[in-house]
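A short worksheet on the structure shown next.
Per chain, numbering begins at 1; letters A, B, ... match sequence-line order.
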Amino acid sequence: EDKVVQSPLSLVVHEGDTVTLNCSYEVTNFRSLLWYKQEKKAPTFLFMLTSSGIEKKSGRLSSILDKKELFSILNITATQTGDSAVYLCAVLPNSGYALNFGKGTSLLVTP
Amino acid sequence: NAGVMQNPRHLVRRRGQEARLRCSPMKGHSHVYWYRQLPEEGLKFMVYLQKENIIDESGMPKERFSAEFPKEGPSILRIQQVVRGDSAAYFCASSPGDRAYEQYFGPGTRLTVT
């Protein structure tokens with residue numbers, strides 16, 4: 001069965017810290033890996049990664065995919081309290097449309 | 001451009017009652033997906049629909065659950081004779097055409113069965 005595993009499950013940091021969130025997957029027919037941010041509402045899209053080794057960047061957030069080792073990381077630099085959320089990793093298989101989600105990493109940024 | 005709309009946001013049902021969850025996709029989107037998020041679990045795919053068609057319901061429980069996406073109106077996820085284990089957050093997503101990598105999520109309906 002396809003698996004997406006995120007670590008750590010939860011994390012508490014101080015404002016200004018840098019964090020790295022991990023996502024490993026065992027998915028046949030991999031097409032893309034997506035990162036979402038979920039506050040107390042809809043998961044909002046952050047990144048889609050398809051090719052290995054190419055970093056995607058948006059402000060203080062960046063992400064990269066390693067298709068050989070089957071993992072991705074999401075980095076957040078200079079964290080702010082507004083970054084507090086659950087970060088979800090999902091894998092899209094080549095032959096489908098059902099996103100396969102990990103359990104998420106709950107990030108709390110304290111002032 | 002309104003995003004994906006779901007209602008109600010919170011729904012409380014007693015065991016044995018029916019729950020109806022509604023999802024209006026983003027304007028211009030004709031593909032709808034339903035996911036369920038149980039406590040302490042990730043989102044799990046339930047069903048994928050296009051207008052008037054169920055494309056894939058492989059994630060739906062075999063009994064009591066059904067979904068539709070009529071030609072007019074929102075998509076409906078229907079749970080008959082709810083049980084405590086149905087308590088969860090139900091999220092709907094929509095995408096333009098069959099671009100499943102562009103799924104935009106609604107705010108979810110939190111169902112509590114008492």
Side-chain angles (χ1 to χ4, degrees), chain A residues 1-10 21-51 54 56 63 65 72 74 85-107, chain B residues 1-10 21 23-26 29-50 53-60 67 69 88-110:
Chain A
E1 185 183 305
D2 293 345
K3 239 169 46 165
V4 179
V5 178
Q6 291 187 245
S7 64
L9 287 182
S10 65
L21 310 183
N22 303 291
C23 176
S24 64
Y25 60 92
E26 295 172 20
V27 172
T28 53
N29 298 318
F30 172 90
R31 174 154 59 147
S32 302
L33 186 144
L34 294 86
W35 284 96
Y36 289 84
K37 178 182 181 182
Q38 185 180 21
E39 296 166 277
K40 289 185 180 175
K41 45 185 179 175
T44 51
F45 173 80
L46 293 174
F47 297 111
M48 182 178 74
L49 302 150
T50 304
S51 301
I54 297 176
K56 291 279 182 92
S63 184
L65 175 68
S72 173
L74 175 68
V86 176
Y87 290 84
L88 301 170
C89 169
V91 172
L92 187 66
N94 203 33
S95 56
Y97 27 70
L99 289 169
N100 190 347
F101 282 89
K103 291 186 180 181
T105 292
S106 177
L107 173 66
Chain B
N1 183 13
V4 178
M5 311 281 282
Q6 287 189 250
N7 67 80
R9 294 291 307 277
H10 299 276
L21 288 63
C23 168
S24 296
M26 282 182 74
H29 288 193
S30 57
H31 294 234
V32 165
Y33 315 76
W34 284 94
Y35 292 82
R36 175 165 68 171
Q37 187 174 36
L38 292 165
E40 311 299 325
E41 295 290 326
L43 282 84
K44 301 287 187 198
F45 168 79
M46 299 181 76
V47 63
Y48 167 40
L49 309 106
Q50 298 173 23
N53 269 320
I54 297 174
I55 306 302
D56 182 353
E57 56 183 346
S58 59
M60 291 272 270
F69 189 15
Y90 291 82
F91 288 92
C92 167
S94 70
S95 71
D98 59 355
R99 301 201 314 248
Y101 51 85
E102 276 191 56
Q103 292 183 36
Y104 293 85
F105 283 82
T109 293
R110 189 161 297 278

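- Within the 4.5 angstrom heavy-atom criterion, atoms from both the backbone and the side chain of B/Y101 approach chain A.
- Looking at B/Y104, neither its backbone nor its side chain comes within 4.5 Å of chain A, counting heavy atoms on both sides.
- For a residue to count as touching a neighbouring chain, one of its non-hydrogen atoms must lie under 4.5 Å from one of that chain's; by this rule A/Q38 touches chain B with the side chain only.
- In the displayed structure, B/I54 atom CD1 is contacted under 6.0 Å by more than 12 heavy atoms of other residues, nucleotides or ligands.
- In this structure, the side-chain contact (heavy atoms from CB on, under 4.5 Å) partners of A/T50, at least two apart in sequence or on a different chain, are A/S32, A/M48.
- Side-chain N or O atoms of B/Y33 include none that pairs as donor or acceptor with a backbone N or O of A/Y97 at under 3.5 Å.
- Residue contact with chain B, scored on non-hydrogen atoms closer than 4.5 Å, involves the side chain of A/L34 exclusively.
- The CG atom of A/N100 sits 11.0 Å away from atom CZ of B/F45, with the distance rounded to the nearest 0.5 Å.
- With values rounded to the nearest 0.5 angstrom, B/E41 atom CD is found 14.0 Å from A/F101 atom CZ.
- For the atom pair CZ of B/F105 and CG of A/L88, the computed distance is 8.5 Å after rounding to the nearest 0.5 Å.
- With sequence neighbours excluded, the residues forming a side-chain contact (heavy atoms from CB on, under 4.5 Å) with A/S10 are A/S106, listed by chain and number.
- When heavy atoms are compared at a cutoff of 4.5 Å, B/R9 approaches chain A solely by way of its side chain, counted from C-beta outward.
- At a 4.5 Å heavy-atom cutoff, the contact between B/E40 and chain A is made by backbone atoms alone.
- Listed here is the closest heavy atom pair of B/G106 and A/A42: O-CB, 3.0 Å.
- The environment of CZ in B/R110 is sparse: at most 12 heavy-atom neighbours from other residues, nucleotides or ligands sit within 6.0 Å.
- A heavy-atom distance below 4.5 Å is not found between the side chains of B/L43 and A/Y36.
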